[in-house]
Amino acid sequence: WFRDDQLLAGLVTDSVSINQPGRYRSVLTYTAIGCTVASNTVAITRSAPVLASIKSISGLNRLCPQESLSLEGSGGTQYVWQKDGQVIAGATVAQYAAEATGTYTLTAIDGFGCQGVSKPFVVVAVPPVTVRFDSIPGVCGPNNPTYTLQGSPTGGLFAGPGVNNDQFSPQQAGVGNHSLTYTVKPAPECAGVTVTRLAVVAPIPTIQLPDSIITYRGNSLPINPVYSGHPMIFQWSPPTYLDDPSSLSPVVGNIGRDITYTIDVANETGCTARDSVRFIVYAQVWLPEAFSPNGDGLNDVWVLTGIEAFPDAMVTVFNRWGEVIFQSDKGYHKPFDGTAGGRILPAGLYPYTLHTVPDRPVLRGSLVIIR
């Protein structure tokens with residue numbers, strides 16, 4: 001064997017192992033007859049050394065809590081990853097997501113099968129943080145001053161409707177249940193740890209009630225206010241005649257006299273409202289015996305005082321022959337004016353009936369039209 005035309009002493013077998021680059025050739029001798037044959041020349045070069053290396057995509061060696069650190073290897077076409085001296089099964093490509101701290105090394109293999117081992121890459125942990133966000137007191141309505149939000153550790157970011165730095169403005173947020181957050185990053189490259197709190201800007205309750213309700217003695221009827229602002233607590237006073245003073249719509253039962261009820265309400269946040277209603281109780285309807293529809297502005301219609309207490313009342317007026325000349329709608333909203341079908345009725349005596357409520361007897365009588 002020859003390298004660069006220099007005889008390699010002692011290499012006389014048909015195959016040899018070499019560790020130096022150069023131009024190699026051999027001469028074969030047939031010892032029986034002394035003939036020789038020269039081989040062709042083969043140029044052997046040495047491949048470049050495999051320089052294996054590891055770097056992190058972030059440029060840092062810190063592992064964030066609950067995250068992985070993306071590592072990238074280079075130097076070969078095949079790879080073997082190790083952690084703390086142990087081969088990581090299945091990790092044979094250039095990229096690896098480290099999910100635990102430790103010392104990582106990489107064996108890179110090039111296309112010729114040559115290998116190189118990287119320097120150790122030490123992955124350390126970013127300490128986790130425990131984030132706290134103080135509870136936020138609810139307020140009644142948006143017209144309240146701003147207040148300071150409290151969170152720990154300091155240096156985090158508050159966010160949400162009505163939030164400006166560490167201040168919460170109920171007026172900017174408006175009425176509603178607002179989700180606010182406080183976020184702290186364990187390290188600049190790490191995802192933030194977020195805690196959520198609810199900021200309640202509660203509506204102030206309102207109550208819609210008539211100033212007064214007219215009814216008759218012994219009647220039973222519900223009180224039906226219209227509420228807004230989500231009240232949850234109801235208290236009526238006094239409890240007289242009421243079936244349930246803590247109901248949103250109690251029933252007044254068998255009412256016997258005039259009375260004023262006051263309702264106090266509160267919602268979950270503690271916002272309150274108050275209103276009242278006066279019950280005017282009539283014992284009966286006052287039926288005048290006469291009226292004078294002469295256009296002088298006095299007693300021109302047959303006014304039935306107390307009829308308002310009987311919303312289903314119906315009044316019927318007859319002539320002397322028993323023919324109906326007037327019949328009211330329920331409640332007698334348009335009083336009898338002494339005419340029938342647009343014709344002025346003559347002065348005289350006219351019978352009538354009054355139906356107030358189904359369980360009461362029909363009232364009968366006569367009225368006089370005075371001209």
Between Pro225 and Asp275, is any pair of side-chain heavy atoms under 4.5 Å apart? no
Check each of Asn40, Asp4, Asp5 against Arg25 using the side chain to side chain donor-acceptor pair (under 3.5 Å) test, and report the only one that passes. Asp5
Pairing donors with acceptors under 3.5 angstrom, does anything connect the side chains of Ser179 and Thr196? no
In residues 59-67, what donor-acceptor pairs under 3.5 Å come from side-chain atoms, sequence neighbours left out?
{"from": "Asn61", "atom 1": "ND2", "to": "Val122", "atom 2": "O", "distance (Å)": "3.0"}
{"from": "Arg62", "atom 1": "NE", "to": "Glu189", "atom 2": "OE2", "distance (Å)": "3.0"}
{"from": "Arg62", "atom 1": "NH2", "to": "Glu189", "atom 2": "OE1", "distance (Å)": "2.9"}
{"from": "Arg62", "atom 1": "NH2", "to": "Glu189", "atom 2": "OE2", "distance (Å)": "3.3"}
{"from": "Glu67", "atom 1": "OE2", "to": "Ala191", "atom 2": "N", "distance (Å)": "2.9"}

Just by distance, do the side chain of Ser39 and the backbone of Ser26 share a donor-acceptor pair under 3.5 Å? yes
Run the ring-ring contact (aromatic ring centres under 6.0 Å, His included) test against Phe121 and tell me which residues pass, sequence neighbours left out. none
Thr262 and Ser237: side chain donor to acceptor below 3.5 Å: no
So, do Lys119 and Ser53 sit near enough that their side-chain heavy atoms are less than 4.5 Å apart? no
For Asn267 and Pro203, indicate whether the former's side chain and the latter's backbone hold a donor-acceptor pair under 3.5 Å. yes
Between Tyr96 and Tyr79, is the gap from one ring center to the other below 6.0 Å? no
Partners passing side-chain contact (heavy atoms from CB on, under 4.5 Å) against Glu72 (at least two apart in sequence or in another chain): Lys55, Ile57, Gln95
Each residue besides Leu28 in its hydrophobic cluster should be listed here, by chain and number; the cluster joins Ile, Leu, Val, Met, Phe, Trp and Tyr at side-chain heavy-atom distances under 4.5 Å. Tyr30, Ile33, Val37
Given side chains that start at C-beta, do those of Arg257 and Thr240 come closer than 4.5 Å, heavy atoms only? yes
Measuring only between side-chain heavy atoms, which start at C-beta, is Leu71 closer than 4.5 Å to Trp81? yes
Should the heavy atoms of other residues, nucleotides or ligands under 6.0 Å from CZ of Arg274 be counted, would the total exceed 12? no
For Phe279, ring-ring contact (aromatic ring centres under 6.0 Å, His included) partners two or more places apart: Tyr261
Within a strict 4.5 Å, meaning less than it, do heavy atoms of the Val50 and Ile109 side chains meet? no
Side-chain donor/acceptor of Ser247 to backbone N/O of Ser249, under 3.5 Å: yes
Worked check of side chain to side chain donor-acceptor pair (under 3.5 Å) between Thr316 and Gln327: CA-CA 4 Å; Thr316 305; Gln327 188 168 51; 3.3 Å; yes
If you define the side chain from C-beta out and look only at heavy atoms, does anything of Val200 sit under 4.5 Å from Asn177? yes
Using a 4.5 Å cut-off on heavy atoms from C-beta on, say whether the side chain of Ile263 contacts that of Val277. no
Please list, one pair per line, the donor and acceptor atoms closer than 3.5 Å that link side chains of residues 130-137 to other protein atoms, with sequence neighbours excluded.
none

Exam field: side chain Thr181 to backbone Thr194, donor-acceptor pair closer than 3.5 Å: no
Side-chain heavy-atom pair Asp312, Met314 within 4.5 angstrom cut-off: no
Has Ser169 got a side-chain atom pairing as donor or acceptor with Thr146's backbone, closer than 3.5 angstrom? no
Partner set under ring-ring contact (aromatic ring centres under 6.0 Å, His included) for Phe310, not counting sequence neighbours: Tyr216
Taking only distance into account, with no hydrogens and no angle test, what donor-acceptor pairs under 3.5 Å do side-chain atoms of residues 360-371 form with protein atoms, sequence neighbours excluded?
{"from": "Arg360", "atom 1": "NH2", "to": "Arg217", "atom 2": "O", "distance (Å)": "3.0"}
{"from": "Arg371", "atom 1": "NE", "to": "Leu345", "atom 2": "O", "distance (Å)": "2.9"}
{"from": "Arg371", "atom 1": "NH1", "to": "Pro293", "atom 2": "O", "distance (Å)": "2.7"}
{"from": "Arg371", "atom 1": "NH2", "to": "Gly338", "atom 2": "O", "distance (Å)": "3.0"}
{"from": "Arg371", "atom 1": "NH2", "to": "Leu345", "atom 2": "O", "distance (Å)": "2.5"}

Under the 4.5 Å side-chain heavy-atom rule for ILVMFWY, direct or indirect, which residues accompany Phe112? none
Short side-chain to backbone donor-acceptor contact, Asp258 and Val281, under 3.5 Å: yes
Quick one: side chains of residues 294-304, donor-acceptor pairs under 3.5 Å with protein atoms, not counting sequence neighbours, listed by atom name and distance.
{"from": "Asn294", "atom 1": "OD1", "to": "Asp296", "atom 2": "N", "distance (Å)": "3.2"}
{"from": "Asp296", "atom 1": "OD1", "to": "Leu298", "atom 2": "N", "distance (Å)": "2.9"}
{"from": "Asp300", "atom 1": "OD1", "to": "Asn294", "atom 2": "N", "distance (Å)": "3.4"}
{"from": "Asp300", "atom 1": "OD1", "to": "Gly295", "atom 2": "N", "distance (Å)": "3.1"}
{"from": "Asp300", "atom 1": "OD2", "to": "Gly297", "atom 2": "N", "distance (Å)": "2.7"}
{"from": "Trp302", "atom 1": "NE1", "to": "Pro288", "atom 2": "O", "distance (Å)": "2.9"}

Under 3.5 Å donor-acceptor pairs involving side-chain atoms of residues 157-168, not counting sequence neighbours:
{"from": "Gln167", "atom 1": "NE2", "to": "Thr148", "atom 2": "OG1", "distance (Å)": "2.8"}

Distance-only check: which donor-acceptor pairs under 3.5 Å involve side-chain atoms of residues 349-356, not counting sequence neighbours?
{"from": "Tyr350", "atom 1": "OH", "to": "Pro346", "atom 2": "O", "distance (Å)": "2.6"}

